[in-house]
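Reading through the structure tokens given below for one structure.
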Amino acid sequence: FVVGQQWSDEALAWLNAHANLPLERYPEACWAVEYKGTSDFGDTVQGPLYLRPWSDRMNEAQNARLHGSVCGGLSTFGVCAAAAHGIPAYTTGQPGHCAMGIRFARGDWRGGFGGPDGSPHLYIWPGNSHYIDLTETVFGDDDGLTRALLHLARYHLFRHAGRHEAAAAALAAAVQASPLHLDIRREQIARNREAGPTPSLWRAYAESLLADFGIHSHPAIDLCREIEPLAMADLDDDGRVAWFATVHQAAARASDSWAWDIPQQVLDPQALQLRSPEAREALLREALAAHLGGTGDRFGKVLEWGVNEFLSKGQGDAFGRAFSAAVAATPAADPDPKQMQDAYSKAILAAEAARSITAFQALALSAQPFAPAAPPPVDLDLPAGTIVSVQGLIHASSSSWDNPLAHLAVLGPTGGAIHTKDETNPHIIVELPTTVPAIGGILLVKNDGNQHRLKRVRLSRSTDGATWFPLAESDDMPRQWRIDPPPATAARWLKFEAFNDKPEFCHLRNFIVTAP
């Protein structure tokens with residue numbers, strides 16, 4: 001992380017002489033270079049001609065400092081400036097961006113120009129920031145590492161000499177001296193393959209591996225993936241789900257990293273190894289339960305996977321069951337509120353788009369600790385009967401300036417908020433759990449602010465969700481608009497829509513439906 005940089009020795013020597021900063025300033029060293037994507041000759045920095053006119057006259061650092069660059073050049077300048085002064089640093093890839101990490105102390109990597117999370121371009125073991133953390137732990141133990149490598153050398157000597165018992169003992173000693181060293185663990189896995197253990201022994205080894213690696217579970221899970229087919233060879237779907245639950249419990253111990261794509265790298269391969277829909281539902285339940293008590297980022301990724309794999313494919317009930325069971329099985333935790341709000345908001349909107357009452361109710365009820373405060377109380381002109389809308393689903397034609405965590409409250413007397421984009425004909429629909437043969441009444445209440453936005457409006461009903469029959473209209477909707485339909489008015493869907501001369505927002509505080 002000091003001498004392995006991609007720029008030349010001449011560039012490092014120049015930076016040592018010209019980029020002298022206090023340690024805490026090196027994350028900002030990149031800004032010595034102008035962010036510039038086109039040369040004075042019109043050549044793009046992404047092409048081969050940008051720096052060619054000066055390539056034989058100055059080193060890379062001088063070139064970048066004089067002529068500018070984009071994120072890759074800026075980050076490399078900052079990293080090499082730090083490395084030129086003996087400060088470990090790396091550039092790291094992020095989606096559409098290049099950032100950098102600067103090491104302030106053992107285990108203390110700080111970002112510059114973004115970062116330090118991502119996929120480092122300089123590493124001992126390739127991967128993301130989790131692998132950097134593991135490298136710090138393994139190579140921070142000089143005594144353990146030295147003993148482990150000596151034992152590993154003895155293992156190879158004994159192995160080539162045909163002394164297999166001595167080789168096995170040497171390899172075990174190497175693992176004991178440095179149990180988190182990935183290369184030594186791979187040697188151990190390779191030797192185990194030769195011995196041909198049973199699936200149950202492979203599972204026991206994998207479980208011990210996850211336990212030994214502790215918070216460094218991402219590299220451990222990647223190692224386990226190499227032997228997973230052998231460990232699961234004799235398992236049915238229930239057994240595989242149980243093993244996958246162990247994997248997710250280990251994953252929940254890891255530090256946060258957006259670069260760890262759990263849906264693609266963990267959940268997708270797991271789902272492919274399950275045969276029945278019930279097993280895939282159980283996988284979602286176990287993954288949610290494992291990550292619900294962790295960081296909002298990981299929980300959000302698992303939730304997003306469930307939305308894509310279940311809600312968007314018409315399996316809302318399965319998603320709702322899995323989510324409810326996961327919440328019931330998970331002890332109270334103290335996650336990051338902002339991350340949880342973001343995760344729940346996306347999932348609630350997805351449940352609404354999937355028209356899944358089960359998923360909407362499960363998500364909205366679970367999200368209540370992160371929901372916004374209720375609006376100031378209002379003396380509501382409630383229709384007679386029992387409020388049935390609180391068991392249903394609400395969705396709008398669009399979402400803007402919206403907080404999906406407040407949608408459920410719109411369906412009851414406490415009130416919440418639902419807010420569309422500016423449209424000429426926005427609408428908000430309530431779906432009840434079942435068709436009500438005789439609607440008692442409907443109450444629609446405007447939000448506290450900007451009540452003038454709702455003028456010409458209509459309320460319609462439907463029993464099939466496609467054919468609509470008008471119930472009431474208004475050319476100047478009052479703050480509280482109560483509709484008492486004729487007797488025996490059946491409905492399962494109620495649609496409120498606005499008719500605007502120009503695009504305008506539509507938002508409600510309450511959309512309450514009662515039944516006798």
Side-chain angles (χ1 to χ4, degrees), residues 1-37 39 45 50-52 54-94 97-146 149 181 216 255 257-259:
F1 294 110
V2 173
V3 299
Q5 301 299 332
Q6 57 183 298
W7 278 356
S8 63
D9 290 349
E10 290 77 13
L12 292 175
W14 186 88
L15 286 163
N16 181 266
H18 294 88
N20 295 293
L21 297 169
L23 172 62
E24 63 270 12
R25 293 290 305 281
Y26 277 102
E28 304 169 15
C30 60
W31 296 113
V33 179
E34 179 187 3
Y35 193 94
K36 183 179 178 184
S39 73
V45 71
Y50 186 82
L51 298 177
R52 182 163 295 176
W54 302 276
S55 58
D56 61 343
R57 302 177 66 91
M58 58 186 71
N59 61 62
E60 302 98 323
Q62 288 176 288
N63 243 326
R65 177 70 180 86
L66 182 62
H67 300 111
S69 189
V70 288
C71 57
L74 270 70
S75 295
T76 305
F77 185 96
V79 162
C80 289
H85 293 84
I87 302 167
Y90 60 78
T91 56
T92 184
Q94 298 177 351
H97 183 59
C98 181
M100 61 185 186
I102 307 292
R103 188 172 179 269
F104 278 53
R106 180 166 300 285
D108 182 10
W109 292 86
R110 304 186 191 180
F113 204 21
D117 206 354
S119 300
H121 301 128
L122 187 67
Y123 47 77
I124 292 175
W125 292 310
N128 56 25
S129 57
H130 285 169
Y131 282 80
I132 297 294
D133 293 339
L134 179 65
T135 300
E136 286 275 20
T137 299
V138 171
F139 288 81
D141 179 10
D142 290 334
D143 179 63
L145 181 63
T146 300
L149 295 180
H181 197 295
H216 302 293
S255 59
S257 169
W258 59 262

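Scanning both residues, Ser8 and Asn59, for their nearest heavy atoms gives OG-CB, 4.4 Å. Residues Ala81 and Ala29 come closest through the heavy atom pair CB-CB, 4.4 Å. Nearest heavy-atom pair across Leu15 and Cys80 is CD1-CB, 3.5 Å.
Although no hydrogens or angles enter the test, the distance criterion places a donor-acceptor pair under 3.5 Å between the side chain of Asn16 and the main chain of Ala84. Side-chain atoms of Ser69 never come within 3.5 Å of backbone atoms of Ala64 as a donor-acceptor pair (strictly under, hydrogens ignored). Under the 3.5 Å distance criterion, the side-chain polar atoms of Tyr90 are matched with a main-chain donor or acceptor of Pro116.
Side-chain contact, His85 with Tyr26: a donor N or O sits under 3.5 Å from an acceptor N or O. His216 and Thr137 form a side-chain donor-acceptor contact under 3.5 Å, judged by distance and modelled atom types alone. A side-chain donor-acceptor contact under 3.5 Å links Asp117 and Ser129.
Looking at Leu66 and Met58, their side chains come closer than 4.5 Å, going by heavy atoms from C-beta outward. Residues Trp125 and His130 form no side-chain contact, since every pair of their non-hydrogen atoms from C-beta on lies 4.5 Å or further apart. Using a 4.5 Å heavy-atom cutoff, the side chains of Asp141 and Asp143 are in contact. The closest side-chain heavy-atom distance from Gln5 to Thr91 is not below 4.5 Å. At a threshold of 4.5 Å between non-hydrogen side-chain atoms, the residues Leu149 and Leu145 count as touching. Residues Cys30 and Met100 form a side-chain contact, since some pair of their non-hydrogen atoms from C-beta on lies under 4.5 Å apart. For the pair Ile132 and Pro120, the minimum side-chain heavy-atom distance is below 4.5 Å.
Ile87 contributes atom CD1, which lies 5.0 Å from atom CG of Leu23 (distance to the nearest 0.5 angstrom). How far CG of Asp108 is from CD1 of Ile102: 11.5 Å, rounded to the nearest 0.5 Å. The CH2 atom of Trp54 sits 6.0 Å away from atom OG of Ser39, with the distance rounded to the nearest 0.5 Å. Atom CD of Gln62 is separated from atom CH2 of Trp14 by 5.5 Å, given to the nearest 0.5 angstrom.
His121 meets the ring-ring contact (aromatic ring centres under 6.0 Å, His included) test with no other residue; sequence neighbours excluded. Remark: His97 pairs with Cys71, Gln94, Ala99, Phe113 by the side chain to side chain contact (heavy atoms under 4.5 Å, CB included) rule, at least two apart or across chains.
Note on residues 130-140: pairs passing salt bridge (Lys or Arg N to Asp or Glu O under 4.0 Å), not counting sequence neighbours, are Arg103-Glu136, Arg106-Glu136.
Ring-plane geometry between Trp109 and Phe1 is classed as perpendicular, the angle between the planes exceeding 60 degrees on a 0 to 90 degree scale with a lower cut at 30. Between Trp7 and Phe77, the ring planes lie perpendicular to each other; the angle is over 60°, past the 30° to 60° tilted range.
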